[in-house]
Amino acid sequence: MASSPPWMPSDGGSDDKRHAPATLRNRDAIAAVLADWLPATGTVLEVASGSGEHIVHFAATFPALDWQPSDPDPAGLVSIAAWSAEAGLANIALPLALDAAADDWPIDRADAILCINMVHISPWAATLGLLAGAALLLPGGAPLILYGPYVEPDVPTADSNMAFDASLRARDPAWGLRHIDDVKVAAAAAGLTFAERRAMPANNLMLLFRRT
């Protein structure tokens, strides 16, 4: 696969750190589920790491795992590098420029893949690319873990999620909450088996898929 240069910690300083307020609210709840779903050792690729705050917290929580952050946004890469440099943790790799929708990813394997709050804030092509990339990188039985809000059959969608969906689509018609069944069908077509759903605070879900 094509390679791209990583962003060095020196590329971002304290003034470059972005802050996502939701991170402080959801990181411990997410980590509790990750403790059940992640392997004991290996490399965890986070797709769409955003500010970099989540991966710093998870790297500290799961020191036996190696964490590989990534993001398609140059400013996001700088923020990830800045947070990582401040944390000074040896198990966080330099962030990669990775677009989930791209055919080629700058990494050739992972033991687990984590993606938080990307599926609804990106075109559907990014989700399809994420599923295809996971099927290519992961060994058999390895997990792809998704977190975020979804629309489910026979489950009323919370008013707050409906308003959030409307606001996303107003910003970009290609964005919006995805139907969980659509994700499951696309995952199966890519070679991933749906394994588990966990309800999370604030009307979010965590979804576990495994490489077939």
Side-chain angles (χ1 to χ4, degrees), residues 1-2 26 30 33-34 36-39 42-50 54 68-73 76 96-158 161-162 164-200 202-212:
M1 291 186 177
N26 62 33
I30 293 173
V33 179
L34 293 181
D36 292 337
W37 290 356
L38 288 175
T43 297
V44 182
L45 168 65
E46 185 183 27
V47 175
S49 297
H54 271 131
Q68 175 61 70
S70 71
D71 206 82
D73 179 11
L96 296 174
L98 188 157
D99 180 352
D103 291 332
D104 291 330
W105 287 12
I107 182 172
D108 57 12
R109 78 174 304 278
D111 299 291
I113 296 177
L114 172 65
C115 186
I116 296 172
N117 285 334
M118 183 203 80
V119 170
H120 56 288
I121 313 179
S122 61
W124 180 238
T127 297
L128 296 178
L130 171 65
L131 298 172
L136 193 62
L137 266 62
L138 294 172
L144 166 66
I145 301 169
L146 308 182
Y147 170 90
Y150 291 87
V151 177
E152 297 185 273
D154 303 321
V155 177
T157 303
N161 278 359
M162 292 178 64
F164 184 38
D165 179 64
S167 69
L168 289 172
R169 295 180 188 278
R171 290 175 60 188
D172 189 326
W175 295 2
L177 272 61
R178 309 300 178 187
H179 288 260
I180 193 171
D181 283 350
D182 292 341
V183 179
K184 290 179 181 178
V185 168
L192 301 162
T193 300
F194 177 69
E196 192 173 344
R197 163 202 179 277
R198 294 270 185 103
M200 302 294 288
N203 301 307
N204 288 295
L205 298 176
M206 285 186 73
L207 307 178
L208 172 63
F209 297 86
R210 293 196 179 275
R211 180 70 173 89
T212 304

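- The main-chain N or O of Asn203 is found under 3.5 Å from a side-chain atom of Asn161 such that the two form a donor-acceptor pair.
- To the nearest 0.5 Å, atoms CG (Leu144) and OG1 (Thr193) are separated by 11.5 Å.
- No option in Val183, Leu146, Val151 other than Val183 meets the side chain to side chain contact (heavy atoms under 4.5 Å, CB included) test with Arg178.
- Considering every non-hydrogen atom in both Leu45 and Ser70, the closest pair reads CD1-OG, 4.0 Å.
- Atom CD in Glu46 sits 11.5 Å away from atom CG in Leu98 (nearest 0.5 Å).
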Inset, instruction - Evaluate side-chain contact (heavy atoms from CB on, under 4.5 Å) for Phe194 paired with Asp181, printing each intermediate quantity in order. - result: CA-CA 10 Å; Phe194 177 69; Asp181 283 350; over 6 Å; no
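- Considering only residues two or more places apart in sequence or on other chains, Asp165 meets the side chain to side chain donor-acceptor pair (under 3.5 Å) condition with Arg169.
- The two residues Ile121 and Trp175 have their closest heavy-atom pair at CG2-CZ3, 3.6 Å.
- Counting only heavy atoms from C-beta outward, the side chains of Ile180 and Pro153 approach each other to under 4.5 Å.
- Between Ala126 and Ala100, the closest heavy-atom pair is O-CB, 3.6 Å.
- Here the closest non-hydrogen pair linking Leu205 and Ala199 is CD2-CA, 3.9 Å.
- Applying the ring pair (Phe, Tyr, Trp, His ring centres under 6.0 Å) rule to pairs touching residues 106-133 yields His120-Phe164, sequence neighbours excluded.
- Sorted by first and then second residue, the salt bridge (charged side-chain N to carboxylate O under 4.0 Å, His left out) pairs with a member in residues 143-153 read Glu152-Arg197; sequence neighbours excluded.
- Side-chain contact between Asn117 and Pro149 is present, with at least one heavy-atom pair separated by less than 4.5 Å.
- The minimum heavy-atom distance between Leu192 and Leu131, with the atom names listed, is CD1-O, 3.6 Å.
- A search for salt bridge (Lys or Arg N to Asp or Glu O under 4.0 Å) contacts involving Asp99 returns nothing, not counting sequence neighbours.
- Under the ring pair (Phe, Tyr, Trp, His ring centres under 6.0 Å) criterion, no residue pair touches residues 139-158, with sequence neighbours excluded.
- Taking CE from Met118 and CG from Asp71, the interatomic distance works out to 10.0 Å, rounded to the nearest 0.5 Å.
- Residues Leu38 and Ile145 are in side-chain contact: their nearest non-hydrogen atoms beyond the backbone lie under 4.5 Å apart.
- Residue His54 holds its NE2 atom at 4.0 Å from CD1 of Ile30, rounded to the nearest 0.5 Å.
- When all heavy atoms of Pro139 and Arg211 are compared, the closest pair comes out as O-CB, 3.2 Å.
- Partners of Arg198 under the salt bridge (Lys or Arg N to Asp or Glu O under 4.0 Å) rule, at least two apart in sequence or in another chain, are Asp36, Glu196.
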